[in-house]
Chemist: 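What follows is a single structure, and I will ask about it in a moment.
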Amino acid sequence: MGESSAPIVVGLGELLWDCFPDGRRPGGATANVAFHAQQLGYAGVVCSRVGDDDPGRDLLGYLDEHGLDTRYIQRDADHPTGTVTVDLSQPDRPEYIIHENVAWDFITFSDDLAGLMGRAAAVCFGSLGQRSPASRAAIQQCIATATGALRVFDVNLRQWWYDREVIEQSLRGADIAKLNIEEVEVLARLLEAPDEPVAFAHNLLVQYQLEMVCITRAERGCLLIEPDKVVDAPGAAVQVVDTVGAGDAFSAALIAGRLRGWPLETIAAFANGVGGLVASQAGAMPALKERYAVLIDNMDTGDTPLSS
């Protein structure tokens, strides 16, 4: 796929198949962010690695079909495409078995990636994508190169694949940190910070020189905290099919709102609406471009995003 004139939003990290009881669907937290950014009108680019196998080719095909630039997805002849087994016994709280030693654990830094980071308007990265030394080194080099981009650290604590060093290095390289309310409790202990959400956020803002901290609270909406402002945006009830990818769609909407220069209140309402919409669909990458366009129009005209 050729260059787009739209601002580039990069999802840097894992790309994989989410394996549900009824079949597999494309996923991976930061890949989800790029996918939803594409549907929100940006040039979504996934930077990851897949195996030289049929599952990898199928993932590339899916992203191509939805207009994403796949040139920065590396191919690996030695490791298989990543998979995650998803348990939906509780649809609003899915459990994951994230399989190891897969292609996205072996992302390598390159001149091509460096060039992309120099052109990106925003780059989203997480902690899970850094579980292996190889991919961690590549991701940190990318973040260090993306000096002109909005750098969003989407904390995604999974199983045992994080430690204080990874979290702190990532926070220092970010402009915005986004995490959920359960992760606040874990990181407060890990970083020896206050556990009250707003106090925790202010601690991060000062300690790591962040522009904003975003805390999501599922059906209770979100908190957006800047040094001199706190927005507490309530959520809206939706019929949950599964919440896989809803937080990643929220991140994409957060990035979109920030790039558009919207006020915090508008960004919060928009991101809540996008996250809720994805939670009402199956899988992490449902096709929602037309419905997103309605939400954006509603924001531009001052209507609630959930009035669509």
Side-chain angles (χ1 to χ4, degrees), residues 12-14 28-30 32-33 84 86-87 89-90 92-100 105 123-133 135-137 139-140 143 151-235 243-248 250-251 254 264 268 271-272 275 279:
L12 174 61
E14 62 273 25
T30 50
N32 296 337
V33 173
V84 171
V86 184
D87 180 350
S89 301
Q90 300 181 72
D92 59 339
R93 292 188 179 275
E95 295 187 4
Y96 307 94
I97 300 173
I98 305 169
H99 303 290
E100 299 182 66
D105 286 315
V123 179
C124 184
F125 67 107
S127 50
L128 177 59
Q130 300 180 71
R131 69 178 179 177
S132 72
S135 286
R136 180 185 177 189
I139 287 170
Q140 289 297 333
I143 295 307
R151 294 172 292 188
V152 178
F153 177 37
D154 194 349
V155 179
N156 51 345
L157 305 182
R158 295 287 185 267
Q159 294 169 220
W160 53 86
W161 288 308
Y162 61 91
D163 58 30
R164 182 166 182 163
E165 182 182 359
V166 169
I167 297 298
E168 290 200 300
Q169 186 177 13
S170 299
L171 288 169
R172 290 190 187 101
D175 301 303
I176 295 175
K178 177 252 178 184
L179 65 166
N180 65 40
I181 193 69
E182 290 84 6
E183 288 164 338
V184 169
E185 184 178 339
V186 175
L187 288 196
R189 291 195 302 269
L190 188 69
L191 302 176
E192 301 173 81
D195 59 5
E196 191 282 319
V198 175
F200 169 84
H202 279 298
N203 180 276
L204 259 58
L205 289 170
V206 173
Q207 189 75 17
Y208 304 100
Q209 299 182 313
L210 296 165
E211 295 177 8
M212 182 204 299
V213 173
C214 172
I215 299 171
T216 59
R217 303 171 301 185
E219 69 279 357
R220 292 173 50 224
C222 67
L223 292 166
L224 299 188
I225 304 102
E226 291 183 338
D228 58 353
K229 187 167 187 175
V230 176
V231 170
D232 184 337
T243 59
V244 179
D248 307 323
F250 180 104
S251 298
L254 176 72
L264 281 190
N272 279 345

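Keep in mind that the numbers below use all heavy atoms, side chains included, and drop hydrogens, waters and symmetry copies. By convention here, the first residue in the shown sequence is residue 1.
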Chemist: I'd like to know if the side chain of Thr216 reaches the main chain of Cys222, judged simply by a donor and an acceptor atom lying under 3.5 Å from each other, with no hydrogens or angles considered.
Modeler: no
Chemist: Look only at the side chain of Glu196 and the backbone of Val198, and say whether a donor-acceptor pair between them is shorter than 3.5 Å.
Modeler: yes
Chemist: I'd like to check Tyr96 versus Leu128 (side-chain heavy atoms, cut-off strictly below 4.5 Å). Are they in contact?
Modeler: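 Not in contact.
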Chemist: Among Leu179, Ile139, Asn156, find the residue that satisfies the side chain to side chain contact (heavy atoms under 4.5 Å, CB included) test when tested with Ser127.
Modeler: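 One option only clears the test, and that one is Asn156.
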Chemist: Between Leu204 and Leu171, is a side-chain contact (heavy atoms from CB on, under 4.5 Å) present by the stated rule, with each step listed?
Modeler: CA-CA 8 Å; Leu204 259 58; Leu171 288 169; 4.2 Å; yes
Chemist: Using a 3.5 Å distance criterion without hydrogens, assess whether the side chain of Asp248 forms a donor-acceptor pair with backbone atoms of Val33.
Modeler: no
Chemist: Rounded to the nearest 0.5 Å, how far does CD1 of Ile176 lie from CD1 of Ile225?
Modeler: 11.5 Å
Chemist: Could you pull out all residues at least two apart from Asp87 that satisfy salt bridge (Lys or Arg N to Asp or Glu O under 4.0 Å)?
Modeler: none
Chemist: What heavy-atom pair brings Glu211 and Glu226 nearest, and what distance separates the two atoms?
Modeler: O-CG, 3.5 Å
Chemist: Checking Ser135 against Asp105 for the side-chain hydrogen bond (donor to acceptor under 3.5 Å, both in side chains) test, could you report, in this order, the C-alpha distance in whole Å, the side-chain angles of both residues, the deciding distance, and whether it holds?
Modeler: CA-CA 5 Å; Ser135 286; Asp105 286 315; 5.4 Å; no
Chemist: Can you tell me if CD on Gln209 sees more than 12 non-hydrogen neighbours from other groups inside 6.0 Å?
Modeler: no
Chemist: Grab the two heavy atoms, one from Ser251 and one from Asp154, that are nearest each other, plus how far apart they are.
Modeler: OG-OD2, 2.6 Å
Chemist: Considering all heavy atoms of both residues, which atom of Arg217 and which atom of Ile181 are nearest to each other, and what is their separation?
Modeler: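 Looking at all heavy atoms of both residues, the closest pair is CG-CB, 4.1 Å.
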Chemist: Using 0.5 Å steps for rounding, measure from the CD atom of Gln169 to the CD atom of Gln130.
Modeler: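 Atom-to-atom, Gln169:CD and Gln130:CD are 7.0 Å apart.
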Chemist: Evaluate side-chain contact (heavy atoms from CB on, under 4.5 Å) for Ile98 paired with Glu14, printing each intermediate quantity in order.
Modeler: CA-CA 11 Å; Ile98 305 169; Glu14 62 273 25; over 6 Å; no
Chemist: Who are the salt bridge (Lys or Arg N to Asp or Glu O under 4.0 Å) partners of Glu185, not counting sequence neighbours?
Modeler: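 Scan of Glu185 (salt bridge (Lys or Arg N to Asp or Glu O under 4.0 Å), adjacent residues dropped) gives Arg189.
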Chemist: Restricting to non-hydrogen atoms, name the atom on Glu183 and the atom on Val155 that form the minimum distance, rounded to 0.1 Å.
Modeler: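 For Glu183 and Val155, the tightest heavy-atom pair comes out as OE1-O, 3.2 Å.
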Chemist: Between Asp195 and Ala188 (side chain of the first, backbone of the second, donor and acceptor by atom type, cut-off under 3.5 Å), is there such a pair?
Modeler: no
Chemist: Report the C-alpha distance between Met212 and Leu264 in whole Å, list the side-chain angles of each, state the deciding distance to 0.1 Å, and finish with yes or no for side-chain contact (heavy atoms from CB on, under 4.5 Å).
Modeler: CA-CA 10 Å; Met212 182 204 299; Leu264 281 190; 3.5 Å; yes
Chemist: Between CZ of Phe200 and CG of Leu223, what distance do you get to the nearest 0.5 Å?
Modeler: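 It comes to 12.0 Å.
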Chemist: Looking at every non-hydrogen atom in both residues, tell me the closest pair between Phe125 and Ala174 and how far apart they are.
Modeler: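 Shortest heavy-atom contact: CZ-CB, 4.4 Å.
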Chemist: What residues form a salt bridge (Lys or Arg N to Asp or Glu O under 4.0 Å) with Arg220, not counting sequence neighbours?
Modeler: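 If we apply the salt bridge (Lys or Arg N to Asp or Glu O under 4.0 Å) test to Arg220, skipping adjacent residues, there are no hits.
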Chemist: To the nearest 0.5 Å, what is the distance between OG on Ser170 and CZ on Arg151?
Modeler: 11.5 Å
Chemist: CG of Leu187 to CD of Glu182: how many Å apart, nearest 0.5 Å?
Modeler: 12.0 Å
Chemist: Indicate yes or no for a side-chain donor-acceptor contact from Asn272 to the backbone of Ala233 under 3.5 Å, with no hydrogens or angles considered.
Modeler: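 Pair found, side chain donor or acceptor close to backbone of Ala233.
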Chemist: Got a second to check how far Asn203's CG is from Leu205's CG, nearest 0.5 Å?
Modeler: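 It comes to 9.0 Å.
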Chemist: Any chance you could lay out the side-chain contact (heavy atoms from CB on, under 4.5 Å) test for Leu210 and Phe153, step after step, and finish with the verdict?
Modeler: CA-CA 10 Å; Leu210 296 165; Phe153 177 37; over 6 Å; no
Chemist: Would you please say whether a donor-acceptor pair under 3.5 Å links the side chains of Glu168 and Gln207?
Modeler: no
